[in-house]
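The structure appears right after this line, and notes come after that.
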Amino acid sequence: MVMKMENMNALSLNILENIKIIGDALCDCTDVTIIEKRLKENTRICFCYINSFVDTDVLQRDFVKNIISMSSAAFRDKSVIYEIPFLKISTYSDINSIIKGILSGETLLLVDGIDYGISCDIKKIEKRPISEPEAEKNISGPHEGFIESINTNKALLRRKINVQNLKFKDIHLGNKTNQIVTIAYIDGIANPEILNDLYNRISKINTDGIPSTGYIEQRISDSPNSLFPQFLSTERPYKAVAALLEGRFVVLLDGTPVVLIAPVSFFAFFQALDDFSSNWMFGTFFRCIRLLGLLTAIILPALYIAITSFQYYLVPLGLIIPLAKSRSQVPFPPIVEALIMEITIDMLRESAIRLPTYLSSTIGIVGGIIIGQSAVNAGIVSTLFIIVVSVTTIASYAVPLYNIGLAVRLLRFAFMIMASLFGTVGVV
């Protein structure tokens, strides 16, 4: 039964049968080109490739020209094929491998009377230039970032760590997409047991496709339901190189500029790019500032609710009268007041992210000022809580990573609800 299946996939000596099978398999794939030519002895040959994946000028000049000049008898000896003056030449003996090669960007040659296909790799896939990531700004470090091409990303790492100990382990994932996932590490520094564990976890992912590295993170995390990320994500080669030199692993996915770094600790999420090129005293100080921003963003609105709802005596005497006067104009309890403003700020933040750049800054600043002032004038929120919301928003931007920021936003609501029920005891 196995032999029968293999024979069904094997190439036929009749090129017309092979063309028909490939044409049926790639039906309605209008980007696939199938061109028939003839050799000197009138032997029929066929070139199959995807238009947008192949450099047609190089194909015509270096491959087709050499093939046309050969005789049909030369193709009966496979060793002659590898003498063609072209860098990447290989052969396939079954239809499935040929179709897979075409879809991956290779150019396939079929010759009538020959039971194997000849493949050459002349890829020319369009990609954006290397540029600075928008989400990760730095002052003193390099300003280049990863792009969507995994080969370019490997080259960026290799250029900065130019030693043979920099290793790349490739894994093919996606039953439909057949994407490449690469684990980068430095042999001799990285822990081989963690490498094997990471490799096995990624290899066991069974899915049709992986649109982003976030899918990998969710599938291999120890605690997938945790609010906090367990992998550090970055678009900066500089940051990935620093992680590799510390013995960590970098996971790259073809088609996305974001890479994952593992294993990491909680405090690694508060290390910015400039910390690597700053004096340790400055780096430590600013990391403490970011941790203070994290705590402020999580508990400041909750403390406001707890104090105004239960523990008025914690407010200084000079502030309690203005606070009472401001609160007397608000018809809602503090938790409702806080939820209205926090949800409004989150909606403003989400809209600013998805609007064009020239509109997002205007919406963020003008929208916040107008809504805040209107809410105070209408008596929906107190003046003091507008200040609390402003400080909380600024503190949340001190957290350098977007994933941590998402966890902070959700935790803030949990703290607010606990504060409304139990006061400062709920916050604790």
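Nothing here was measured: the structure is a model prediction, and the numbers come from that model. The residues of the chain are indexed from 1 along the displayed sequence.
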Check whether S396 reaches the backbone of T393 with its side chain - one donor and one acceptor, N or O, closer than 3.5 Å. yes
Please indicate whether Y402 has more than 12 foreign heavy atoms, meaning atoms of other residues, nucleotides or ligands, lying under 6.0 Å from its OH. yes
Once rounded to the nearest 0.5 Å, what's the spacing between atom OG1 of T107 and atom CD1 of I67? 11.0 Å
Between the side chains of D170 and T182, does any donor sit under 3.5 Å from an acceptor? yes
Determine whether the side chains of S226 and S223 contain a donor N or O and an acceptor N or O closer than 3.5 Å. no
Treating E148 as the side-chain partner and D254 as the backbone partner, does any N or O pair qualify as donor plus acceptor under 3.5 Å? no
Report yes if the side chains of K37 and C46 come closer than 4.5 Å at any heavy-atom pair, otherwise no. no
Checking side chain to side chain contact (heavy atoms under 4.5 Å, CB included) between Y49 and each of L109, I34, V32, T33, which is the one that passes? T33
How are the rings of F47 and F63 set to each other: parallel, tilted or perpendicular (split at 30° and 60°)? perpendicular
Below 4.5 Å, heavy atoms only, C-beta onward: do I45 and R38 meet side chain to side chain? no
Answer whether the closest heavy-atom distance between the side chains of L16 and R44 falls below 4.5 Å. yes
What one should report as the nearest heavy-atom pair of F269 and P229 is CZ-O, 3.3 Å
Quick check: do E106 and I102 have side-chain heavy atoms less than 4.5 Å from each other? no
Is any side-chain heavy atom of R412 closer than 4.5 Å to one of T392? yes
For T43, which residues count as a side-chain contact (heavy atoms from CB on, under 4.5 Å) partner, sequence neighbours excluded? L39, E41, S72, V111, D112
With distance as the sole criterion, is a donor-acceptor pair present between the side chains of S97 and D94 under 3.5 Å? yes
Any salt bridge between D55 and R61, counting N to O under 4.0 Å? no
Does K169 make a cation-pi contact with Y185 (under 6.0 Å, within 45 degrees of the axis)? no
Without swapping roles, check the side chain of S420 against the backbone of I417 for a donor-acceptor pair under 3.5 Å. yes
Residues passing the ring-ring contact (aromatic ring centres under 6.0 Å, His included) test with F266, sequence neighbours excluded, are F228, F270
Checking L108 against I118 for the side chain to side chain contact (heavy atoms under 4.5 Å, CB included) test, could you report, in this order, the C-alpha distance in whole Å, the side-chain angles of both residues, the deciding distance, and whether it holds? CA-CA 6 Å; L108 267 297; I118 303 166; over 6 Å; no
Do any N or O atoms from the side chain of K123 and from the backbone of S104 form a donor-acceptor pair under 3.5 angstrom? yes
D197 side-chain N/O to E193 backbone N/O, donor-acceptor pair under 3.5 Å: no
R128 side chain to I147 backbone, donor-acceptor under 3.5 Å: no
Quick check on the 6.0 Å ring-centre criterion: do Y116 and Y92 meet it? no
Is there a side-chain contact between Q271 and F286 in this structure, where contact means two heavy atoms from C-beta onward sitting under 4.5 Å apart? no
Pair E144, E132 - check side chain to side chain contact (heavy atoms under 4.5 Å, CB included), show working. CA-CA 5 Å; E144 61 187 5; E132 183 175 12; over 6 Å; no
Are L401 and R290 close enough, and set up right, to give a side chain to side chain contact (heavy atoms under 4.5 Å, CB included), and what steps lead you there? CA-CA 11 Å; L401 288 178; R290 296 181 198 114; over 6 Å; no
Within 6.0 angstrom of F282 CZ, more than 12 heavy atoms from elsewhere: no
N/O donor-acceptor pair under 3.5 Å between N403 side chain and S233 backbone: no
Quick one: do F168 and R158 satisfy side chain to side chain contact (heavy atoms under 4.5 Å, CB included)? Show the steps, please. CA-CA 10 Å; F168 298 104; R158 179 69 70 183; 3.5 Å; yes
So do L300 and V391 actually touch side chain to side chain, heavy atoms under 4.5 Å? yes
Do you know the tightest heavy-atom contact between M416 and I335? O-CD1, 3.6 Å
Is there a side-chain contact between L156 and F146 in this structure, where contact means two heavy atoms from C-beta onward sitting under 4.5 Å apart? yes
Does CZ in F310 sit with more than 12 non-hydrogen atoms of other residues, nucleotides or ligands closer than 6.0 Å? yes
